[in-house]
2 protein chains.
Amino acid sequence: MRLDDTRSLGRALTLLSLIATDRGKTSFSTLTKELGLPTSTAHRLAAELLKHGLISRIGRGKYDLGVAAMGFARGREFNDILAEAARPILRQVSKETGLTAHLGVFEEGMVTYLVKSNGASLDQAHFTREGMQLEAYCSGVGKVLLASLSEVDLDEYLSAEDFVSATPRTVTNSCALRQELARVRQKGMAIDDREIAEDMMCVAVPLHDGSGRTIAALSLSMAWSDQAAAQIPALSLKLTHAASRVGRNLGYA
Amino acid sequence: MRLDDTRSLGRALTLLSLIATDRGKTSFSTLTKELGLPTSTAHRLAAELLKHGLISRIGRGKYDLGVAAMGFARGREFNDILAEAARPILRQVSKETGLTAHLGVFEEGMVTYLVKSNGASLDQAHFTREGMQLEAYCSGVGKVLLASLSEVDLDEYLSAEDFVSATPRTVTNSCALRQELARVRQKGMAIDDREIAEDMMCVAVPLHDGSGRTIAALSLSMAWSDQAAAQIPALSLKLTHAASRVGRNLGYA
DNA sequence: TTCATACTCCCACAGTACGAGAATTTAAAA
DNA sequence: TTTTAAATTCTCGTACTGTGGGAGTATGAA
């Protein structure tokens, strides 16, 4: 897209998001000054936003979100949007690879699986369901999400959790987990090698929002084998690709 | 405003509201065809909406609301916006007239008062509070709101309610109330002449949304007297004016 | 009332947004 | 796999939208 092809629209939307953030605390003229918008232009755009109900006037020089903006959220959660935006892409990846793909988010110390797309055979991650919550420390998705936590959040998590072994390879030592998470952070991907089930492995990568924060993780699960292990770099690349496509679907540059 | 001064913005917002209504059921190309938007233009606009997070891609040719649109609604209700948009105008009216102004909406068979702006003296409607719910059949605001109900909704209301007299003049007969509401509908205003309190009267007018539906009512209350009664036409006009200003604050043409 | 600020209007001009059509990508059907 | 239809992106000359300074008006506060 040519950069200035949608200048008025872009400016108006920036203005809108400023108003949405500010919630009528700051005067309109102050906001537009920050944006460097000329008065007449700003008012012209505001009038159109007003006409469409996206903003409302709550006083002289004060605007807040409008009634149309309300209707938008009705019965819809961030997670729903994320799931719908990701679903077609996960479906494609699982079709291409024959493996089962997941998308999960971190909620209250657990991983919530928002999307599951089954691969060709059913012996991969047959126990997961959409909406299911699982422990974070023993899955690829979980490790990616934990790796994105701040120091304090991670400390809290590590001290609150009670780590039980799902398999002999599960990492249950808080120190070892810290090190593992550091590796994940550095590599930008996590591997679960028979840590959650004896005969399973998976790769997982983060999904970043526009500002680089990890908001979810994608994974591919497969039955464990030497040859499967060999494919991991390629799969991880594919997943990263998929993640950035999901990001694009959500409007993250 | 010159009509085509904000064409791209206007088109984009129309597109946005279509998507918001449709929720990804209809394909993008169908929507744009309905709007008569050329393909390339439509995609250019959609790309910008996407970039700002107002829409998200949920599949090939499918778009739904985006994550930014979510953030908008956070902790905000339609009633809040209505109240904030109306408050400065009611304040002005009550200052000009010295009377107490109210704005109320119909909720579950009762009137909820969203805004109260006190006049000069305190002997008008001293018993009302913002957020208070009162019976609809005996106040000006209530009568305006009842007058806007559909036949079936009104039938339901009339059969469900138990009408008690607040004063000797309160209309408690369901037939008489029907006639009174017809008058209100025809005149576009309601008068409460000592029906809720012995020494009080008030005028009320509807607030219409863009499509003409009554979404709220505004009123002015005063102590009863012959001279006060004589002012009612002028006050009603002023209120109608105020209502249309509130409407403008909300973006209703 | 006065004052400061918000808002609207005007209009000539710069350059954005337009949109047809071609090219490319994509997903699903065959 | 190939085929096919639809979605999406690209290109580019130009029409006309959007711009923004400035003047003028409206508004609310003191």
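We use all heavy atoms of the structure for the numbers below, so side chains are in, but hydrogens, waters and symmetry mates are not. Order of the sequence lines fixes the chain letters, A, B, ..., with proteins taken first and strands second; residue numbering starts at 1 for each chain.
Between the CG atom of B/D5 and the P atom of C/dC13 there is a distance of 17 Å, rounded to whole Å. Distance CZ (A/R248) to P (C/dT25): 13 Å, rounded to an integer number of Å. Per the geometry, NZ belonging to A/K51 stands 13 Å off P belonging to C/dT8, to the nearest Å. Atom CG in B/N249 sits about 16 Å away from atom P in C/dA6, given to the nearest Å. Summarising the geometry, the separation between CZ on B/F28 and P on D/dA7 is reported as 10 Å, rounded to the nearest angstrom. When the C1' atom of C/dG19 is taken as reference, atom CG of B/L35 falls 16 Å away, rounded to whole Å. Across the protein-nucleic acid pair, B/E48 atom CD and C/dT16 atom C1' stand 13 Å apart, rounded to whole Å. Per the geometry, CZ belonging to B/R7 stands 14 Å off P belonging to D/dA15, to the nearest Å.
Pairs of residues two or more places apart, or lying in two chains, that qualify as salt bridge (charged side-chain N to carboxylate O under 4.0 Å, His left out) and include a residue from residues 204-222 of chain A are A/D209-A/R213. Listed by first and then second residue, the side-chain hydrogen bond (donor to acceptor under 3.5 Å, both in side chains) pairs that reach into residues 89-98 of chain B are B/Q92-B/E96, B/Q92-B/R245, B/S94-B/S117, B/E96-B/K238, sequence neighbours excluded. Applying the ring pair (Phe, Tyr, Trp, His ring centres under 6.0 Å) test to every pair with at least one member in residues 210-247 of chain A, sequence neighbours left out, gives no pairs at all.
With sequence neighbours excluded, the residues satisfying salt bridge (Lys or Arg N to Asp or Glu O under 4.0 Å) with B/E130 are B/R87. Applying the ring-ring contact (aromatic ring centres under 6.0 Å, His included) criterion to A/H43, with sequence neighbours excluded, gives A/F28. Residues satisfying the side-chain contact (heavy atoms from CB on, under 4.5 Å) test with B/T240, not counting sequence neighbours, are B/V205, B/S236.
A/Y63 has a side-chain polar atom (N or O) that falls below the 4.0 Å cut-off from OP1 or OP2 of C/dC7. In this model, the phosphate group of D/dA7 is approached by a side-chain N or O of B/S29 to a distance below 4.0 Å at OP1 or OP2.
The two residues B/V105 and B/L82 come nearest to each other via the heavy atoms CG1-CD2, 3.7 Å.
Under the 3.5 Å distance criterion, with hydrogens and angles disregarded, no donor-acceptor pair is assigned to the side chains of A/N249 and A/E84.
When the C1' atoms of four end pairs are superposed on the next four at each end of the helix from C/dT1-D/dA30 to C/dA30-D/dT1, using five pairs per end, the two resulting axes differ in direction by 70°, to 10°.
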Please produce a list of atom pairs where a protein N or O lies less than 3.5 Å from an N or O of nucleotides 22-29 of chain D.
from, atom 1, to, atom 2, distance (Å)
D/dT27, O2, A/R60, NH2, 3.0
D/dG28, OP1, B/R245, NH2, 3.2

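Using a 4.0 Å heavy-atom distance criterion, A/S8 is classed as a sugar-phosphate-only contact. Looking at heavy-atom distances under 4.0 Å, B/T41 makes contact with a base.
Atoms CD and CG, on B/E48 and A/D5 in that order, are 9.5 Å from each other to the nearest 0.5 Å.
With the nearest nucleotide of DNA chain C identified for both B/L45 and A/S27, A/S27 has the one nearer the 5' end. Toward the 5′ end of DNA chain D lies the nearest nucleotide of B/T39, the other residue of the pair A/L9 and B/T39 mapping further downstream. The nearest heavy atom of DNA chain D to B/K62 and to A/R11 marks one nucleotide each, and the one closer to the 5' end goes with B/K62.
For A/R44, the side-chain atoms get nearest to D/dT19 when compared with the rest of D/dT19, C/dA6, D/dT8.
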Under 3.5 Å, which donor-acceptor pairs link side chains of residues 33-42 of chain B to any protein atom two or more places apart or in another chain?
none

